[in-house]
Amino acid sequence: MLSYLIAGLAVGAVYAISAMALVITYNASRVFNFAQGGMAFFIAYCFYWLVNDVGLNSYLAAAIAVLVIAPVLGLFLWAVLLGRLSSATPLARLAAMIGLSVALTAGTSVIFGHETIVQPKGIIQNSGQALKLGGVSVSDEQLLILVVAALIAGVGYLVLNKTSAGLITRGAVDSQMMTVLTGTNPGKVVAGTWMVGTAIAGLAGILIMPSVGLSAIGFANVVAASFAGVVIGRLTNLWWGFFGALAVGVAQSVVIPYLPDEGLLATALRPSMPFLFMLIAILVQIRSAGVRDDTQSREVARLSTKAESNEAHVHAVMRDQRGAWDRWVGWAVLAVVVFLVPIVFEQFWVGVIALGMAYGIALLSIRPVTGETNVVSLCQISFVGIGAIAAAQLSTTYGWDVTTSLIIGAVVAALCGLVVGVVCLPLGQLYAAITTFAFALLAEQVIYTRPTFSNNDSGVFLDRPTIAGVYLLDNTQFFYFATAVFLVVAGVLALLRRSTAGLALATIRSSRVRASTLGIPIYRSRLALFALGAAIAGLAGGIIASYQYVAFPAGYSAALGLTWFAIAVAQGPSSIGGLAAAGLSLSVAPALFGTFLPTRLADVPAVLFGLMAIQIVANPAGINPQLRSAFRLLARKLTPQHPPNPPGDDEGVRADVSTNAPVPVGSSR
Amino acid sequence: MSDVLLSVKDLRIVYGEAQAVDGVSFDVPQGQCLAILGANGAGKSSIAQCLAGLVPAASGSITIDGEDTTKAHGHVLAKQGVAYLPEGRGIFPTLSVADNISLGVRVCAKDKRAAAEERVYEYFPILGKRRKQQAATLSGGEQQMLAVGRALVTDPKLMVVDELSLGLAPLIIDDIYAALRIAKDGGTTMVLIEQYVERALAFADNAMVLRRGVVAWEGPANGAAEAVAHSYMGDTAIDTALAS
Ligand SMILES: Nc1ncnc2c1ncn2[C@@H]1O[C@H](COP(=O)(O)OP(=O)(O)OP(=O)(O)O)[C@@H](O)[C@H]1O
Ligand SMILES: [Mg+2]
């Protein structure tokens, strides 16, 4: 028992300092660091490289990685991105951080090569027993982790409470304006916390590396557990966050002796611990005082209303430019594509494009969720996976007809969506993002790993469907099928927006208060949309799996889900054309890179997707609507019979669209 | 008349599409106090925030003590002796009284900070008994004393005070104005924004009435009462008067 406790403390200590870094950076900057796992991964890899390729002593390497590389990375990211996020909408902020996470993780693989290093050595290269405690041996690695965590906690406490730097930081957390008025540049304080936060995150990465391996997936566990700590600390309380995350680690370890030898509990309980802790914390918080998060803080609310009104302005300008004929342009492009693709391309590429359309269906599920209700759901990919698994089980194991299985798969996903939605929707946007991400990790580790579903990591067979008597063996036919489904789903979503229900939803989006005074059932409407999103995702999952002839659950990881979200938001989460483009790029870009470029560059598309998501900070409507708007302006200029607007007016419109970076707010001069 | 300490020329402040302040100019001589009056939304706080460097000027210029500060950052201005007391309470709510004051005196030179901290407690002895208390749990009056105290002891050359007396009892307002009076007699120049018109006019040397972002009237404080009443009657009343 004692040995499990010590092991748990050692792992929990890493979770704890990670949680600490999250809380510090969030409170100073109001930006939640979704990219912390990516940062930790990058810095741990730098450490590994310094030791194994450069040949430095491991202590020196750790010092360089944590005290030089990490702060420089933090400062750089602050200067180019993080420092600007405070004036972005909460959605743009989250999307940019998710994009950063994707770009950092993939970028690390591009820089250092993408083979997974299973058992890297940590700071202590030849680990052995350090001391014996009550008959239990403690390895020097565990001892090091415990000492480092205790040191960080202790020094953190002293710095925050006894030094003037700490006082200034606490002041900046309390009120940005008062910080300015007392003669301190709040930007410097925020930059400082990002440097410290990145350093702590990197240290955590280096410490945990020997036990989880050097792979992005290994780090997901640390991320989930530290998120749990942060939720326990209500995003703001450093010490609750610290000890909450520590408790998750301890709990994960001390249950080991009580687990049965096999069955669901044996494999599922430990990975579910972060999610369970999060759930309990949220339930307790709802019962006691209600859940608060960033959208409720007054300062942030003011900034975000401002950013939101900027964004609404951009949308309005773009709507005004809509010509009588240009809505047909999208259809024309589509018709040409559908006609040309099978003629121009070989079967392989037709297949890639068909898969892209199937991904497009999956991404359409983001529109009812993020586009309509503004919820950042990071578990859409889990619903895709669930739909795929369910369809494969029904069709292959139970012998149902494929088409029916696809539909039932969507229903199963919708039911899961209901359950997740019940938990996540009453929470604020940030909490919803955190909990849905935790659910995605949970699905990946608990559901997908069931032996029946994973089938020894080779997945379960799923045949292609027979539609109207045609068995879709041919990729061209499958392409038509996927495109048709995409159009039907898109049509349903478009009708939904125009219907009365859509108006109600628009009201909810723009003002919940107004919606509730109008008697619109906010919670039920949002829940219904969330379930609809899950159903669409589940349907897409079945279609993707049947195209590939296999429901391969490991393909629907939470990390990949972040990439999906990044590309979808970059293209514009409520633009149907944009989501189609996003889906296509998800399948075409890797195929292009895989076919024509060395495997070393296989992660470049993900880096690009991440960067595209980041740029929505400057360009909140997404790429596709922007392109369309640029196209409209061009068309308007080229159309002679169009009555020219008053010159001043036209100028204004153009300036607005091309430079629609948010207007600087507050103290940023 | 002594030198001009604060000079504002043709100041315009814009929020997105909305003009909050449209071409306001005024001068405040060294050691004097200007009261800015006007109805809600006239643009008073916007001017104050702009003077303090919290809101950018769309055009125009601000000169403080001979230096053009139009584009200066708020934290730089604070260090240069521009003290701004924001509308509401200018405190760090979750920090203790002592921490609030230690942060407040950081605009002073290092060797003067300890003495300045003690002076807050001399101005407002009641705060001395509450050093460890969280600022948010102070009474409204005590919070305002804390805000005023921490600004006063830094010996600012310009103080911009926004709606000091909002929600306070008359006795406490007296105390706070007495403290401001000491600072003014010590040579601090002031811009005073106040809804409590008589109070402001009794304290100030000159007054300026704003209406929808433009100067409607300006002159010595003792002649302002009538103009102010006119302005507070609201735009419709004036427009009707003009139309008839
Ligand atoms: N941050 C902001 N964003 C947009 N508009 C603003 C902002 N701050 C002020 N305004 C607008 O500018 C105008 C002037 O506001 P200001 O706060 O300066 O008025 P005020 O004279 O201080 O009013 P009050 O007496 O109510 O405090 C108002 O119409 C207000 O709505
Ligand atoms: Mg005001």
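Sequence lines set the chain letters: A, B, ... in the order given, protein chains first and strands last, and positions in each chain run from 1. Computation of the quantities below employed the complete heavy-atom set of this structure, encompassing side-chain atoms and omitting hydrogens, waters and symmetry-equivalent molecules.
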- Pair B:S45, B:D162: side-chain N/O donor-acceptor within cut-off below 3.5 Å: yes
- Query: Is it the backbone or the side chain of B:I91 that comes under 4.5 Å from a heavy atom of chain A, or both, or neither?
  - Reply: backbone
- Looking at A:I200 and A:I24, what are the two nearest heavy atoms and their distance? CD1-CD1, 4.5 Å
- Task: Go through B:P93, B:A78, B:P86 and name the one with the most non-hydrogen pairs under 4.5 angstrom from chain A.
- Result: B:P93
- Query: Which residue out of B:T154, B:N100, B:V107, B:V76 racks up the most heavy-atom pairs below 4.5 Å with chain A?
  - Reply: B:V107
- If you count heavy-atom pairs under 4.5 Å between each of B:L103, B:L95, B:V105 and chain A, which one has the most? B:L103
- Task: Please examine the side chains of B:L164 and B:Y177, heavy atoms only from C-beta on, and report whether any two atoms are closer than 4.5 Å.
- Result: yes
- Item | Face-on cation placement of A:R93 at A:F32 ring, 6.0 Å and 45° thresholds | no
